[in-house]
Amino acid sequence: MSSQPYELVKDKGLDEGVARLTPEKIAKVVGAVLESEGGARLKAYVDTCAHCGLCAEACHFFHSHDRDPRYAPVAKVKQTLWGILDKGGAVSPDYIARASRVAYTECNLCKRCAMYCPFGIDIAYVVGLMRRICHKLGVTPQYIQDTAHSHSATMNQMWVKDDEWIDSLMWQEAEARDEVADLRIPLEKHGAEIMYSVIGPEPKFRTQLIYQAAVIMHAAGVDWTMPATPGWDNSDMAMYSGDYEIMGRLKRSHFECAQRLGVKRIVMGECGHAFRSVHDVGNRWLGWRDEPVPVIHAVQFYHELITSGKIMIAKKFQEPVTFHDPCNIARGMGLHEMGREVARALCEEVVEMTPNREHNYCCSAGGGVINCGPPFRNTRVHGNKVKAEQLAATGVKTVIAPCHNCHGGLEDIIHHYKLDMKLKFLGDLIYECMEKPWN
């Protein structure tokens, strides 16, 4: 068992939501969600699970808490949806209080456990269904609920107003023109080859990534544009809060934006969860078989630019680096080898973590866990000691992580466990290492 006592972390959104619950409301919501959204998939998983516990070895929370069985994936199901099914929905508000914390903050929905299950049971789906019930009950962590509210009001997660978005692009264009005199960030260009989409925090906190993307596009001679209207933000915290109605609005807005501009495809920045929303959860919720406009992730785009010779590498990054595989684009999309090929093209030496590729440990920020905010920071960093040990064992000073959430989670782990390491996006390295013909 873990030496750390279990603590029911206080959270206004969860605590006040639970205070409003009654047994009757719980039973009504549970019944409605299971009847309309549970279906054959949930029944197959519940009937198939042999309670063998092999999934435990997959979970970073389990390993980081000294193999405490409470943190095994199967135990998380038993503490959440399984208990509800066993009692036919007749659970108390106190049960929901504990179950909501397990579902939102002690599982990253990283799907590593599905690889260890002899039947391939997708526990992330089961935990996600528990989040859906919590959302319908009004029991949601305050910070991620605030983000979902921002999506519903502004169609982006950071409450960036339409004029602020355009101002940010014009600001970065002006900054970049000090380096490249004829650089433009095209806005509302109809019929362009590419619409470039980013997540909400980029114009708010990481505007240098927009600068870098513009320089890379310019150097490669790409025919691209950014939209001026809502739909530019490809992120989706509503997917993780369980608010699938808002998730559907977000995905529809994103694709309708690209269709309105008549672009041939969408290139997404270095984000993992948005890719999951576009290709897996969001599309299915809307009933679409495929996305209406082709979408590729930044890793695919960078690989294309480098292998086609549109971007030439002038110098390689000299220090040894290690490559972190984001769950949603490695385990979820199989981009692990492509990411390494880009990293090797840019760096003299890439040192592998152990385990790696689709077996890599999660950063413990994904699945909306980091968006549950400061109250649960210690839950994340204590729940991912194994990642700190994995990073330290590489002996390198630089970690490449092509995902925003991974950056946030790994930064906290590096700081908490006092690792002497720094983080980079692939875009950082391309900008740093590529040939700039205007120099």
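Scope of the values below: all heavy atoms of this structure, side chains included, with no hydrogens, waters or symmetry mates. Residues take their numbers from the sequence shown, with the count starting at 1.
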Point-to-point distance, once rounded to the nearest 0.5 Å, from NE2 of H416 to CG of N384:
11.0 Å
Quick check: H404 with F425 (ring centres under 6.0 Å apart)?
yes
Calculate, to the nearest 0.5 Å, the distance between atoms CG and CE belonging to N234 and M268 respectively.
4.0 Å
Regarding D11 and R101, does a basic nitrogen lie under 4.0 Å from an acidic carboxylate oxygen?
no
Flag, side chain of H407 to backbone of A401, donor-acceptor distance under 3.5 Å
yes
Any salt bridge between E106 and K76, counting N to O under 4.0 Å?
no
Regarding R380 and E411, does a basic nitrogen lie under 4.0 Å from an acidic carboxylate oxygen?
no
Presence of salt bridge, D68 and R70, under 4.0 angstrom
yes
For the residue pair H65 and Y71, categorise the inter-ring angle as parallel (less than 30°), tilted (30 to 60°) or perpendicular (more than 60°).
parallel
salt_bridge(K111, E358) N-O dist < 4.0 Å:
no
Which atom pair, heavy atoms only, marks the closest approach of Y361 to H63?
OH-CD2, 4.3 Å
Partner of N328 by side-chain hydrogen bond (donor to acceptor under 3.5 Å, both in side chains), out of H273, H279, R276
R276
Using the side chain to side chain contact (heavy atoms under 4.5 Å, CB included) rule, take L169 and Q172 through it: C-alpha gap first, then chi angles, then the decisive distance, then the call.
CA-CA 5 Å; L169 298 182; Q172 289 310 298; 6.0 Å; no
Any chance the rings of H51 and W82 have centres within less than 6.0 Å?
yes
In terms of heavy-atom contacts, G138 and R20 come closest through O-NH2, 3.7 Å
More than 12 heavy atoms of other residues, nucleotides or ligands under 6.0 Å from CD of E245: yes or no?
yes
Whether S64 side chain and V386 backbone form a donor-acceptor pair below 3.5 Å
yes
If you round to the nearest 0.5 Å, how far is CG of D15 from NZ of K10?
6.0 Å
Under 6.0 Å from the six-membered ring centre of F62 and within 45° of its axis: does the NZ or CZ of R67 meet both?
no
Regarding K424 and E432, does a basic nitrogen lie under 4.0 Å from an acidic carboxylate oxygen?
yes
Within a reach of under 6.0 Å around NZ of K12, are more than 12 heavy atoms found that belong to other residues, nucleotides or ligands?
no
Please determine whether a side-chain nitrogen of the Lys or Arg among R265 and E304 lies less than 4.0 Å from a carboxylate oxygen of the Asp or Glu.
yes
Do other residues, nucleotides or ligands put more than 12 heavy atoms under 6.0 Å from the CE atom of M115?
yes
Could you pull out the closest heavy-atom pair between P227 and L187, with the gap in Å?
O-CD1, 3.6 Å
Are R260 and E188 within salt-bridge range, i.e. N to O under 4.0 Å?
yes
Take E291 and K251 through the test salt bridge (charged side-chain N to carboxylate O under 4.0 Å, His left out) and record every step on the way to the result.
CA-CA 10 Å; E291 57 266 24; K251 293 309 101 177; over 6 Å; no
With side chain to side chain contact (heavy atoms under 4.5 Å, CB included) as the criterion, how do D66 and K385 come out once you've worked through the C-alpha distance, each side chain's angles and the decisive distance to 0.1 Å?
CA-CA 10 Å; D66 304 324; K385 183 177 66 174; 3.7 Å; yes
Before accepting this row, confirm whether a basic side-chain N of the pair E352/R340 lies closer than 4.0 Å to the acidic partner's carboxylate O.
yes
Any luck finding a side-chain donor-acceptor pair between S241 and D243 under 3.5 Å?
no
Verify the ring-centre separation between W288 and F255: is it less than 6.0 angstrom?
yes
Using the side-chain hydrogen bond (donor to acceptor under 3.5 Å, both in side chains) rule, take N156 and K161 through it: C-alpha gap first, then chi angles, then the decisive distance, then the call.
CA-CA 9 Å; N156 70 81; K161 296 179 181 176; over 6 Å; no
